[in-house]
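Residue numbers count from 1 along this sequence. Heavy-atom basis, side chains included; hydrogens, waters and symmetry copies ignored.
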Amino acid sequence: MADPKGFLTTGRETATSRPVAERVKDWNEVYVPGSLLPIISKQAGRCMDCGIPFCHNGCPLGNLIPEWNDFAYRDDWTAASERLHATNNFPEFTGRLCPAPCEAACVLGINQPAVTIKNVEVSIIDKAWDAGDVKAQAPERLSGKTVAVIGSGPAGLAAAQQLTRAGHTVVVYERADRIGGLLRYGIPEFKMEKRHINRRIEQMRAEGTKFRTGIEIGRDLTATGLRKRFDAVVIAAGATTARDLPVPGRELNGIHQAMEYLPLANKVQEGDFVAPPLTAEGKHVVVIGGGDTGADCVGTAHRQGAASVTQLEIMPRPGEERAAGQPWPTFPMLYKVTSAHEEGGERVYSVSTTHFEGDEDGNVQFLHLIEVEFVDGKLSQKLGTERRIPAQLVTLAMGFTGTDTENGLVTQFGLDLDERGNIARDAEFATNVDGVYVAGDAGRGQSLIVWAIAEGRSAARGVDRYLTGASALPAPIRPTDRSLTV
């Protein structure tokens, strides 16, 4: 273990955020650069290398958390990076974006604040990049087999890197103009600067992975044609069909899906626009949906100079402590204050939108809502609680219902869907079509980045076995595995 008395002598300490007044004026990451390094070794020393490290169960990647905590405590950053990369292709992504189910499962978290696993992880990988320890790992020999990966989000990138390193020739197809999927255009710059994606892409290129942007399989290139050109295909197209809100007034101008709004702000940071075509500047903004995507809309609206920001959630406000029905080591539903929420705005719980009201030009001006409650497990409205709030820009951040079925990919391949509308797969992540596999949200449904990477790694093993008859690649999860919840 690291420090035998670390959990007794050292309290939990996390990264320092930049002052709100400073950070809302730019799009850089919210944390003070370098603020973790002076404290992180002692924080890693709080890890006890438990006899049964439940953090492994919380993390679908099976990250070797006690091992790299021990190395970080001893300032052996090269060894820490090696153990970190043994299970995770992109720890700089998860260390910034994952909600850390590993910390929820930390044994210390039973009666004390958990080890800052996520902060240790990102410190290790950032230090590894700075030290030049992250190098391309090109295969020693090529298999002669070719694989197409559809989608360049975390699942697609993980599958592509694993298969390239196994010796296969891999081409990643992305319908957007840049590689990264939701990492590129769904995650605001203040949560993860895109330079982290860019240098991983360069590493993968050096290893032999090829990338093709601006090509949508099903429209620009037929799925059947793709299947004929490659020995195997991995579909990692995500669950991009957004849940809508079919209430009166939905057709008014100014009401947009979150993934119509967020990418435009990111494109400004990429240099595509001087100002975003869709902006919150000077507007009363309402964000419908209380999850991470909703918080991303809140933070983006602050930086664009919104007059006000209100976030609505249909569910009740979660508690700040574990509820009795959510015992350790399950992932608890807790009241979470993100960096975006620290920056201002109002959060309203237990409300439902009844309709929108517009002006004579068809622009949304007000949102009408009503308070709701759950009675015997059913949602009911509380009469007499109706009110309206100003809304000149509304973003819908209510989650996603499944993979895109309108672009022809599903029908052209002839893929079966499961009862939830996801692409069906077997224990090897294979679809009903020979040689076609699925990884990530396209097969699992909307999930976390850490599950996407685990899916990509596991699907890569199935593809490698299909192509060569055997595989030494790891498969951290099965398609049927789920988060540890109650």
Side-chain angles (χ1 to χ4, degrees), residues 56-57 59-63 86-90 139 142-173 209 217 223-224 226-239 402-403 409-483:
H56 289 193
N57 297 70
C59 176
L61 283 166
N63 280 336
T87 56
N88 188 349
N89 297 72
F90 314 117
L142 296 178
S143 67
K145 302 293 185 179
T146 57
V147 183
V149 176
I150 304 173
S152 67
L157 292 179
Q161 187 167 64
Q162 292 294 95
L163 289 166
T164 296
R165 290 175 174 178
H168 308 304
T169 299
V170 180
V171 180
V172 178
Y173 289 90
T209 304
I217 307 303
T224 49
L226 188 77
R227 182 65 187 93
K228 292 177 181 178
R229 292 169 57 177
F230 291 88
D231 296 310
V233 175
V234 178
I235 299 172
T403 195
L409 184 149
V410 171
T411 54
Q412 290 175 19
F413 270 125
L415 299 169
D416 289 340
L417 302 179
D418 63 20
E419 64 278 3
R420 294 180 176 228
N422 304 315
I423 300 174
R425 66 264 184 95
D426 65 14
E428 295 288 314
F429 292 81
T431 69
N432 60 296
V433 179
D434 182 56
V436 178
Y437 291 71
V438 63
D441 291 0
R444 174 170 293 272
Q446 182 183 352
S447 190
L448 305 177
I449 182 174
V450 69
W451 281 93
I453 296 173
E455 287 248 346
R457 290 171 66 87
S458 298
R461 177 183 173 89
V463 173
D464 189 36
R465 181 178 292 175
Y466 169 79
L467 294 174
T468 65
S471 180
L473 294 178
I477 60 170
R478 298 165 297 184
T480 53
D481 288 344
R482 292 294 181 267
S483 300

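- Qualifying side-chain contact (heavy atoms from CB on, under 4.5 Å) partners for Pro139, counting only residues two or more places apart in sequence or in other chains: Leu142.
- Considering every non-hydrogen atom in both Val463 and Ala232, the closest pair reads CG1-CB, 3.9 Å.
- Here the NZ-OG1 distance, from Lys145 to Thr169, works out to 11.5 Å after rounding to the nearest 0.5 Å.
- Atom CD1 of Ile423 sits about 14.5 Å away from atom OH of Tyr437, to the nearest 0.5 Å.
- Using a 4.5 Å heavy-atom cutoff, the side chains of Leu415 and Val433 are in contact.
- Within the 4.5 Å cutoff, no side-chain heavy atoms of Val234 are placed close to those of Val170.
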(request) Start with the C-alpha distance between Asp231 and Tyr466, add both sets of side-chain angles, then the distance that settles side chain to side chain donor-acceptor pair (under 3.5 Å), and finish with yes or no. (result) CA-CA 10 Å; Asp231 296 310; Tyr466 169 79; over 6 Å; no
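- Nearest approach of Cys59 to Asn63, heavy atoms of both residues: SG-ND2, 3.4 Å.
- Contact between Ala159 and Ala460 at its shortest, heavy atoms only, is O-CB, 4.0 Å.
- Applying the salt bridge (Lys or Arg N to Asp or Glu O under 4.0 Å) rule to pairs touching residues 444-460 yields Arg425-Glu455, Arg444-Glu455, sequence neighbours excluded.
- Taking a 6.0 Å sphere around CZ of Arg482, one finds it holds more than 12 heavy atoms contributed by other residues, nucleotides or ligands.
- For the side-chain hydrogen bond (donor to acceptor under 3.5 Å, both in side chains) test, residues two or more places apart in sequence or in another chain that qualify with Gln161 are Asn89, Gln203, Glu207.
- Within the structure, the salt bridge (Lys or Arg N to Asp or Glu O under 4.0 Å) test picks out the following pairs touching residues 470-479 (sequence neighbours left out): Arg478-Asp481.
- Of all heavy-atom pairs spanning Ala424 and Val438, the tightest one is O-CG1, 4.4 Å.
- Here OG1 of Thr403 is found 9.5 Å from CD1 of Ile150. Values are rounded to the nearest 0.5 Å.
- Considering all non-hydrogen atoms of both residues, Pro60 and Ile477 come closest at O-CG2, 3.3 Å.
- Donor-acceptor pairing under 3.5 Å is lacking for the side chains of Asp441 and Ser447.
- Interatomic distance, CD of Gln162 versus CD1 of Ile453, reported as 10.5 Å (0.5 Å rounding).
- In this structure, CZ on Phe413 lies 8.0 Å from OG1 on Thr224, to the nearest 0.5 angstrom.
- Taking OG1 from Thr209 and CG from Leu163, the interatomic distance works out to 9.0 Å, rounded to the nearest 0.5 Å.
- By the side-chain hydrogen bond (donor to acceptor under 3.5 Å, both in side chains) test, Asn432 pairs with no residue at all, sequence neighbours left out.
- For residues 458-467, the salt bridge (Lys or Arg N to Asp or Glu O under 4.0 Å) pairs, not counting sequence neighbours, are Glu428-Arg465.
- Here the closest heavy-atom approach between residue Ala158 and residue Phe90 is recorded as N-CE1, 3.5 Å.
- Contact of the Thr87 side chain with the Pro476 side chain is not registered, since no non-hydrogen atoms from C-beta on lie closer than 4.5 Å.
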